[in-house]
Amino acid sequence: VQLVESGGGLVQAGGSLRLSCAASGFTFDEYAIGWFRQAPGREREGVSWISSTDGRTYYADSVKGRYTISSDNAKNTVYLQMNSLKPEDTAVYYCAAGKVHPFLRDYPFTIREYDYWGQGTQVTVSS
C-alpha cells in the first residue's frame, strides 16, 4: 500500500498550488481520501475529504471556497487545488485513505478511521 503526495512548494500569498495523492495497493473505489495538514506546534487537522465511491466531498470551514478536491478513479489519484493561499495555510499536507462507512461519512476528519497515510508534502505560503 502506498500513498504518495506531490505538488507542494513555496508560493506567495494569494497564489495557487495543486497537490496530488497517488494511491496504490488497495481497492481505491472502496475508500475515501482525506487531506490533512499539520503546522509546527499544532495538531494535525482535516482539510478536505472525498469519497471514491460516490464523489461526495467535504471541506473544513477554513478552506471552504478556496480549496477544491477531486478524484480521478481511473488513475487512483486525488487532487487538491488550493487557491487564494494564505500564510496560515503553511503546513505539511498529508493524504490518507480510509474505508468508506457511515461513521467516516459523518465524521470525515476522524484520524483513527484512516488506514493508510502518505509521507506528506510541504506547503509554504509567504506573506
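Keep in mind the model is a prediction, meaning the values are calculated, not measured.
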message: Would you say that more than 12 heavy atoms from the other residues, nucleotides or ligands in this model lie under 6.0 Å from the OH of Tyr58, or not?
response: no
task: Kindly compute the distance separating CD (Gln2) from CG (Asn76), expressed to the nearest 0.5 Å.
output: 12.5 Å
message: Are Val92 and Val11 connected into the same hydrophobic cluster when the rule is that any two of I, L, V, M, F, W, Y join if their side-chain heavy atoms are below 4.5 Å apart?
response: no
message: If we ignore hydrogens and angles and just use 3.5 Å, is the side chain of Arg66 paired with the main-chain N or O of Ser62 as donor and acceptor?
response: yes
- prompt: Between the side chain of Tyr59 and the main-chain N/O of Ile69, is any donor-acceptor distance below 3.5 Å?
  reply: yes
message: I'd like to check Val125 versus Val123 (side-chain heavy atoms, cut-off strictly below 4.5 Å). Are they in contact?
response: yes
query: So, for Trp49 and Ala32, which heavy atoms are closest and what is the spacing to 0.1 Å?
result: NE1-CB, 3.5 Å
- prompt: Where is the tightest heavy-atom contact between Leu3 and Tyr116, given as atom of each residue plus distance?
  reply: CD1-O, 3.3 Å
query: Is there side-chain contact between His101 and Asp106, with at least one heavy-atom pair below 4.5 Å?
result: no
- prompt: Are Val1 and Phe28 in one and the same hydrophobic cluster, where Ile, Leu, Val, Met, Phe, Trp and Tyr link if side-chain heavy atoms are under 4.5 Å apart?
  reply: yes
- request: Might you confirm whether atom CZ of Phe103 has over 12 heavy atoms from other residues, nucleotides or ligands at distances under 6.0 Å?
  value: yes
- line: When rounded to the nearest 0.5 Å, the distance separating CD of Glu113 from CG of Leu104 is 6.0 Å
message: For a quick test of reading the model, state the closest non-hydrogen atom pair linking Ala13 to Ser127 and the distance between them.
response: CB-CA, 4.4 Å
query: Under 3.5 Å, side chain of Ser51 to main-chain N/O of Thr53, donor-acceptor pair present?
result: yes
field: pair Val100-Glu30: side-chain heavy atoms closer than 4.5 Å
entry: no
task: Taking the side chain as every heavy atom from C-beta outward, state whether Arg37 and Asp89 have any atom pair closer than 4.5 Å.
output: yes
field: Non-hydrogen side-chain atoms of Leu19 and Trp35 separated by less than 4.5 Å
entry: yes
message: Rounded to the nearest 0.5 Å, what separates atom CZ in Phe109 from atom OG in Ser48?
response: 6.0 Å
- prompt: Under 4.5 Å between any side-chain heavy atoms of Thr68 and Leu80, yes or no?
  reply: no
query: Which heavy atom in Glu5 sits nearest to a heavy atom in Tyr93, and how many Å separate them?
result: OE2-O, 4.0 Å
query: Going by atom types alone, do Glu88 and Thr90 pair a side-chain donor with an acceptor below 3.5 Å?
result: no
query: If we only count heavy atoms from C-beta on, is the Asp115 to Tyr31 side-chain gap below 4.5 Å?
result: yes
- prompt: When you check the side-chain N and O atoms of Arg18 and Tyr79, is any donor under 3.5 Å from an acceptor?
  reply: no
query: Can you name the closest pair of heavy atoms from Ile33 and Ser52 and give their distance?
result: CG1-OG, 4.4 Å
query: With a 3.5 Å cut-off and no angle check, do the side chains of Asp29 and Thr27 form a donor-acceptor pair?
result: no
message: Less than 4.0 angstrom from a charged side-chain N to a carboxylate O is my criterion; do Asp61 and Lys64 meet it?
response: yes
field: Gap between atom CD of Gln12 and atom OG of Ser126 - 0.5 Å precision
entry: 5.0 Å
statement: For Ser71 and Val78, the nearest pair of non-hydrogen atoms, with its separation, is OG-CG2, 3.9 Å
- prompt: Judged by atom type as modelled, is there a donor-acceptor pair below 3.5 Å linking the side chain of Gln38 to the main-chain atoms of Glu43?
  reply: no
- prompt: Are side-chain heavy atoms of Leu85 and Tyr67 found at a separation under 4.5 Å?
  reply: yes
query: How are the rings of Phe36 and Trp117 set to each other: parallel, tilted or perpendicular (split at 30° and 60°)?
result: tilted
message: For Asp72 and Thr77: C-alpha separation, side-chain torsions, deciding distance, then whether side chain to side chain donor-acceptor pair (under 3.5 Å) applies.
response: CA-CA 5 Å; Asp72 185 338; Thr77 300; over 6 Å; no
